[in-house]
Amino acid sequence: MLSLPSTTFLVLTFGFFSNEVYGSIPQVDYDRMGKVGLAGAFAGLDIFQNASTIVSFDPSTSSLLSRTADGTLTRLTSTNVGGRILSGCSLSGDFYFAGSFSTIDGMAAANVASYASTPDRFDTLELGGPNGEVNAMFCDTKDNKLWVGGKFTSPGSSIATWDPRSRIWSEPPFVGVSGAQSRVLSITSNSSDASIFFAGSFITSFQGTSLLNGTNNPNVPFSPGSTPFSSSLVPIPLDDAEVDGSPSSQDSQFSRIKSILCPSGPDGPGNTWFAGDGNTALVTVRTFTFMSVNGVRLGNTFLSDHGTTSFSVTTIPDNKVQTLQYVDLSTGQMKTCSDPCPLGTDSNVLYQDFTFDDTLTITGVQLKLSGFTGAAPGLHMFQLLSSGAFASSVESSNGKSCFAPNPSNTTRTGNWDPKVANTDIAGTIQTVLVSSVDVGAAPGTGPSFTWIPYVSASGVYDVNLLVPGCKNLLDCPLRTTVKITVFPGNGLQPWVSTISQQNTSDTAIRIYTGPIFPSSPDFVATITMSMADNPVGNGQDGKYELVADRVQLVLKSVSGSADDGLGGIGSSNGREGENGFGFLEWPRSISGTNDGTKVLPNNTRTFLDAIGLDFFAGIGGATGLASTQPTIATVVHHPSGDIFLGGNFTIRSGDTSSMSNIAVFKDGNLVSIVDGGLNGPVTSLVLYADRLYVGGSFNDTALRSTGGQLNNIAMYDIQDNRWIPLGTGVNGEVTSLGLSNKRVQVLGKFTRLLNPVRDFAGANAAGLAVWDVATSTWVNSGGFLVGDMSFIGNGTSTQIVAGNVIASQRFGASGMVFLENGDKNGPRVTPLGASLDSTAVEIKVNPTLRERVPRAAIWMSHVKLSRLFSRQVRSTQLPPLPADLPALAPAVLAGTFWKNSSSNEVAIIGGNFSFHSQGDFEGVAIYDPESGGVQGLQGPQINGSVRTLLVDENLLYVGGQFTISGTSVNGVAIYDLSKHQWNLDAIQALEATQDSTVVVRSITKPSSQTNKIIVAGSFAKAGSLQCQSICLFDTESKQWNALGNGIQGEVTSIAYAGLNQELLIAAGSIGLGGNHISNVVQFSFPNTTWTALGTTTELPGTVTAVEVNNGNASSIFAAGRSIDGLSTFLSFWNGDKWSSLGPTFQGQTNVAQLTMVPLSVSHSAHGMIESDRMLMVSGLLSDSLFGNASAALFDGENFIPYIVATSAAGTSGTVASLFRSLSSFSFDRRHFLATGVVILISIAIAAGVVFLLALMGILWTLFSRRDDKLNKCDAVDEDDDDSTHHRPSSLLEHINAATRTTILGGSPFTNMNIDKEEEKLTRETHDPFGPDASNYIRAETPSDAVGGMLAEETSRPAHARYSFDGIGEGELPISAGAEVEVLDDRDPAWWYARDMRTGREGVVPAAYLY
């Protein structure tokens, strides 16, 4: 049970100040920052919209929530205190829900209500609904009716119906059910929707076979040596059997042994057999095929000097002498015998029946006549009694039985062909009929087969279908399921069932149990087989194969009394007149007045009602019910026809004596599931293909075969007949299962997933977990929920969940989500697709970090005296840092992005968590948003928590409070992402001050410093270097270096200022030389000096977060805690002094991060913050104006609550950091014309130039001709500027010249030779992007560069005027102020350059450089 907070309910509150200032939530432009992740210690979050998003939950009520396809949760309503919502279903656009409640949102309701999403309304239905708790609902779309079940007395007995059209409650057509607990827990339909299943704890009663007329077939002569039961057994035809009598009489009139199988006349010549005089005799019968035999019928001979007085029966092939049961002719009582058995010599007894203890499957018998009178033993009649009746698909096997008017026969439709196969008996074969049907054929269009067996008498029968194994017939891929219809006769409803013929070995499948009334005067019954409505299997070559063999009727009783079959000495296992427990099938076709609380007539009984009868017998009948309270809580119908039932029960007798809490009704029998079922109650079942998902309160099978891996949730593989764990389950009871989008939703009273590794506690999952069927893994549930949940079901467009909710958020995630641009309602939120776990022992973080300065005795000898006093401040002068944000696992505290070799950009997250993914990992995870896969860092694992991450090329820098077993690592480490291994020798370990631990809170790389990494936090030394709390690591020399004279104290946050990040801003509890305390300091990389920002008194305490507004050193924000720890502050640095921004943060507020975020829709500028951005304040926020939040936006004047997070326990969650894939971006939104528009404008300009050139050419020609006429002299061709050799001589050449000018530059009037110019271009122009890159010519911004590289220059330095994302192929991403080397500037629009910091090369817009 999930423990609830001590308070009555948890309210996540916000003041009504909220977002009314803006009308809607500010539109943060996440896409401008690349990919964006939000990390923290939370299990769920939501984006604050307005006051309407304030959600309060009272766990003493039951709440109803909607759940969308992505898992988003929205509260719909709640019940009264103490109310419960237990079931629900969807009908005609409305969702009906029920349980035990009196009000819904304050409206009176009687345990049932409905919800319509359009419009958003609730309906408590009319008065007259169930007057007690409702546990089950079924929305009957076929009849547009609502069925409800539970424990109530009105309007029906534990069952009622609601008609939405007439809005009337009614009792069911059979009044209801009663007995036992009188409770219905499940209502479902069968797979064909032809009938409705009811399950729970109740008793059903049927009339049974007491209505059987008890008259036998008049063709069967009466004998006092038989019982009504044995005389109703049809003799097996033995005409084709091998029959031998030895030794036989020499008298030809009495030597024919087969004459006694079915004598045609009275005892005498031709109808009687004698053995040889003076000898005992053996009569052997072999059929060489299996028969179901229930006994033998012997008629003695009463001719003079012959007769048999004793005998014994040995069965073949087991060669066992059988014990027989018979009627004692002197007393009329049943007796038993073996070897010998007496045979009466009274001539008034035509025959005697000797039956076996049970029906035997044999191939023959041997009768030993050991005692006789006169000269020799003899017999007048010898028959093998069947189990009841039978019919074969092969006509030649349907011989006429003795006393039968006609043999059994068959009819068929379609083509049926004989097929011969081996049997399990060595040297024997069997012949069956098979028929092919196309896969996908419509039901009813395929072949059918009908058996019409001869049935000697009315009685209660088990009807079995014999199906040969597909291995013997070599047709396993062709097999499928078939529909069987049994016609019991006498007006009883036909019984329809679906069975599988995919059995590999020979099987007898029970298809019916109940009364059979053979038709008169033929005394036959009818059984029909056709292809199932929904056949299973894929077939082979587009075909299914149906197999017809034999049907077998096993007689159970003929009169309705329990002892009639054996003459009073035992039970015949007859079910007539007996009760059923916990299950009732009600066919929709039944009409008339019936009362299920009393005795139901036989014409309402169905094949599947045998489930209830078997349960009643298995739990010990009325005695068992009195001592226990068994229930059947859930039922599902597999397409093969199998019925799976779960609940709280144990079968103590019968064939399923080892069955506990789950069972299957298969092939007409209630049978046990592998390993005896489960060792605890089952509450819910859900079926996906051949996978049965089972929820409840258990941890193993009944035989404990899985080692305790089935904790409250498991999967049963129907095909493989085995249990499969779902991970290691959950740590509490599962109450309800749902299925949507190939995922199983698990609800219940649990708090987390269990981890297979003992040292890990598992991922949080408080009441709701989701199992992905395709990947067989636990996945993010989407929405976040904490509570004791009771129900999940599919609504009209969403899922519906219900339970005692403590807290809920729209989005659920294990400490991390991705944020993208959304709409006016906020960003698009994509939760982390993997579940992170917590370690069994939480990592403890020191609440305060006290004495952090190392003792002089330790390091004084290593520091020059002249530098000592300029760097050290007494530790007592520096206040301790406030306690870190709560980071109980699983918590994500840092993140970064990395583009791996497969060109996928993955997120790398760090924090205090563990996870299992082909191994167990801690602290760091690599998550692929595309696939949803998560990987760990190979090698030894982090022992502690990670607080900061940095990716530099393929190296991952990891910082935090941790060690790595077997290494000297302490707080910082390097991992090679390309080689998948730790680079443990690359960096010297950090050392802490005495009585403290190393904590690295920041690892950054300033753009102004090549191959330099800045590490900051709480430590005293880096390797052997005295370098307190902030140190520079050179990635080339792999050496630590101090930043100037260093600082004292501890660093919590780092930011950068300047066009090229040449200024470092450090914040925390910091002191500089001269006993000067300034918790925000500035370091200049150019002159390597530290400078305090502001005076000691301007900031009221230590700083936990700092942010620079777009690199502006005169626009800095700092947040922290006052020295007394009672308040939180936010201050602004304007380049001259600090000023308080006056937030109304309350004492428990802790700010973890400040970061400037761009907006896609600007706001009114307020002094220090421009209109195109806002300051995001993250952490654990509590404000007197807006209440609780995990992140808020500040526009320079107003605080707008933005993100609300919740922990796994339902308390307020925290946001630790917002991280992005772009290291820098521009807040300015420059709008460029689309490339297509630019091209059109360029074409228009070029066309204008061409026409201008054409006009000038025409004018030149005219003037030239005029000069020729005036001069009237011959001239010699000269090479001058006006020669047609050097100018375009046609309109086409004018266009070519203009185009060439656009590409190459220069004037169209420049002297040129086209061929030479192209040759020169080919020779001199180098394309650094490859022949397929097309020079990356893109018209966006004209270059404003003047001149270019001189002829002797191969490159020249430049700086980036703006940031460029460089996401196109061959482009170079740069940050504003970055130093680059221009390698090729011959193209006026795009220059080829190298980033001096990273060494990467590519093209950038020329206008972006100066």
**Student:** Between Asp700 and Thr706, does any side-chain donor sit less than 3.5 Å from a side-chain acceptor?
**Tutor:** yes
**Student:** Checking the side chain of Asn712 only, and the main-chain atoms of Gly732 only, is there a donor and an acceptor separated by less than 3.5 Å?
**Tutor:** yes
**Student:** For side chain to side chain contact (heavy atoms under 4.5 Å, CB included), just list the numbers for Tyr975 and Asn983, CA-CA rounded to whole Å, side-chain angles, deciding distance to a tenth of an Å, and then say yes or no.
**Tutor:** CA-CA 5 Å; Tyr975 185 84; Asn983 196 347; over 6 Å; no
**Student:** So which heavy atom on Ala925 is nearest to which on Phe915, and how close?
**Tutor:** CB-CE2, 3.5 Å
**Student:** For the residue pair Phe1033 and Ile1003, establish whether any side-chain heavy-atom pair is separated by less than 4.5 Å.
**Tutor:** no
**Student:** Does any part of the side chain of Val958, heavy atoms only, come nearer than 4.5 Å to the side chain of Val924, both counted from C-beta?
**Tutor:** yes
**Student:** Ignoring hydrogens and geometry, is there a side-chain-to-backbone donor-acceptor pair from Gln809 to Phe784 under 3.5 Å?
**Tutor:** no
**Student:** Classify the angle between the aromatic ring planes of Phe897 and Phe1219 as parallel (below 30°), tilted (30 to 60°) or perpendicular (above 60°).
**Tutor:** tilted
**Student:** Got a second to check how far Thr1004's OG1 is from Tyr957's OH, nearest 0.5 Å?
**Tutor:** 12.0 Å
**Student:** Closest heavy-atom contact between Phe811 and Thr72?
**Tutor:** CE2-OG1, 3.8 Å
**Student:** For residues Ala992 and Ser996, report the shortest heavy-atom separation together with the two atoms involved.
**Tutor:** CB-O, 3.6 Å
**Student:** Identify the two heavy atoms, one from Ile1014 and one from Pro1006, that lie closest to each other, and give their separation to 0.1 Å.
**Tutor:** CG1-CD, 3.8 Å
**Student:** With side chain to side chain contact (heavy atoms under 4.5 Å, CB included) as the test, would you mind laying out the steps for Val773 and Val744 before giving the verdict?
**Tutor:** CA-CA 7 Å; Val773 174; Val744 177; 3.9 Å; yes
**Student:** Show the nearest heavy-atom pair for residues Pro929 and Val906, with the distance to one decimal.
**Tutor:** CD-CA, 4.2 Å
**Student:** Check this for me, if you would: do Lys1012 and Asp1034 make a salt bridge, where the nitrogen-to-carboxylate-oxygen distance has to be below 4.0 angstrom?
**Tutor:** yes
**Student:** Could you tell me whether the side chain of Asn1150 and the main chain of Ala883 form a donor-acceptor pair under 3.5 Å?
**Tutor:** yes
**Student:** Can you tell if the side chain of Asp46 reaches within under 4.5 Å of the side chain of Ile1203, non-hydrogen atoms only?
**Tutor:** no
**Student:** Between Arg1001 and Ser1018, is there a side-chain donor-acceptor contact under 3.5 Å, judged purely by atom types and distance?
**Tutor:** yes
**Student:** Does either side chain, that of Trp898 or that of Asn954, offer a donor lying less than 3.5 Å from an acceptor on the other one?
**Tutor:** yes
**Student:** To the nearest 0.5 angstrom, please state how far the CD atom of Glu820 sits from the CE atom of Met33.
**Tutor:** 11.5 Å
**Student:** Do the side-chain N and O atoms of Ser914 and Asp920 include a donor-acceptor pair separated by under 3.5 angstrom?
**Tutor:** no
**Student:** Would you confirm whether Tyr1202, through its side chain, and Ile47, through its main-chain N or O, come within 3.5 Å as a donor-acceptor pair?
**Tutor:** no
**Student:** Answer whether the closest heavy-atom distance between the side chains of Phe42 and Val892 falls below 4.5 Å.
**Tutor:** no
**Student:** Nearest 0.5 Å please: distance from the CZ atom of Arg828 over to the OH atom of Tyr30.
**Tutor:** 14.5 Å
**Student:** How long is the span from the CG atom in Leu956 to the CG atom in Leu950, to the nearest 0.5 Å?
**Tutor:** 8.0 Å
**Student:** Would you say Arg752's side chain and Ala1208's backbone share a donor-acceptor pair under 3.5 angstrom?
**Tutor:** no
**Student:** Could you grab the distance from atom SG of Cys1027 to atom CG of Leu990, nearest 0.5 Å is fine?
**Tutor:** 8.5 Å
**Student:** Please step through side chain to side chain contact (heavy atoms under 4.5 Å, CB included) for the pair Leu38 and Phe818, ending with a clear verdict.
**Tutor:** CA-CA 6 Å; Leu38 185 79; Phe818 295 96; over 6 Å; no
**Student:** How far does CZ of Phe962 sit from OG1 of Thr997, to the nearest 0.5 angstrom?
**Tutor:** 12.0 Å
**Student:** Under a 3.5 Å distance rule, please check whether Thr963 uses its side chain to pair with a backbone N or O of Asn970 as donor and acceptor.
**Tutor:** no
**Student:** With a 4.5 Å heavy-atom cut-off, do Val770 and Val746 have their side chains touching?
**Tutor:** no
**Student:** Taking C-beta and beyond as the side chain, do Arg810 and Leu73 meet within less than 4.5 Å on heavy atoms?
**Tutor:** no
**Student:** Kindly indicate, with the supporting measurements, whether the criterion side chain to side chain contact (heavy atoms under 4.5 Å, CB included) is fulfilled by Arg691 and Tyr693.
**Tutor:** CA-CA 6 Å; Arg691 304 177 187 180; Tyr693 293 89; 3.6 Å; yes
**Student:** Could you check if a side-chain atom of Ser1069 sits within less than 4.5 angstrom of a side-chain atom of Leu881, using non-hydrogen atoms only?
**Tutor:** yes
**Student:** Among Val1215, Val1151, Thr1149, which one satisfies side chain to side chain contact (heavy atoms under 4.5 Å, CB included) with Val1177?
**Tutor:** Val1151
**Student:** Ile909 versus Leu836: any side-chain heavy-atom pair under 4.5 Å?
**Tutor:** yes
**Student:** Look at Lys749 together with Asp788 and state whether they make a salt bridge at an N to O cut-off of under 4.0 Å.
**Tutor:** no
**Student:** Determine yes or no for a side-chain-to-main-chain donor-acceptor pair under 3.5 angstrom, with Trp1040 supplying the side chain and Gln988 the backbone.
**Tutor:** yes
**Student:** Within the distance-only criterion (no hydrogens, no angle test), does the side chain of Thr1206 pair as donor or acceptor with the backbone N or O of Gly1213 below 3.5 angstrom?
**Tutor:** no
**Student:** State, to 0.1 Å, how close Leu819 and Pro827 come at their nearest heavy-atom pair, and which atoms those are.
**Tutor:** CD2-CG, 4.4 Å
**Student:** May I ask you to decide if Ala1105's main-chain N or O and Ser1053's side chain share a donor-acceptor pair within less than 3.5 Å?
**Tutor:** no
**Student:** For the side chain of Asp976 and the backbone of Gln981, is there at least one donor-acceptor N/O pair under 3.5 Å apart?
**Tutor:** no
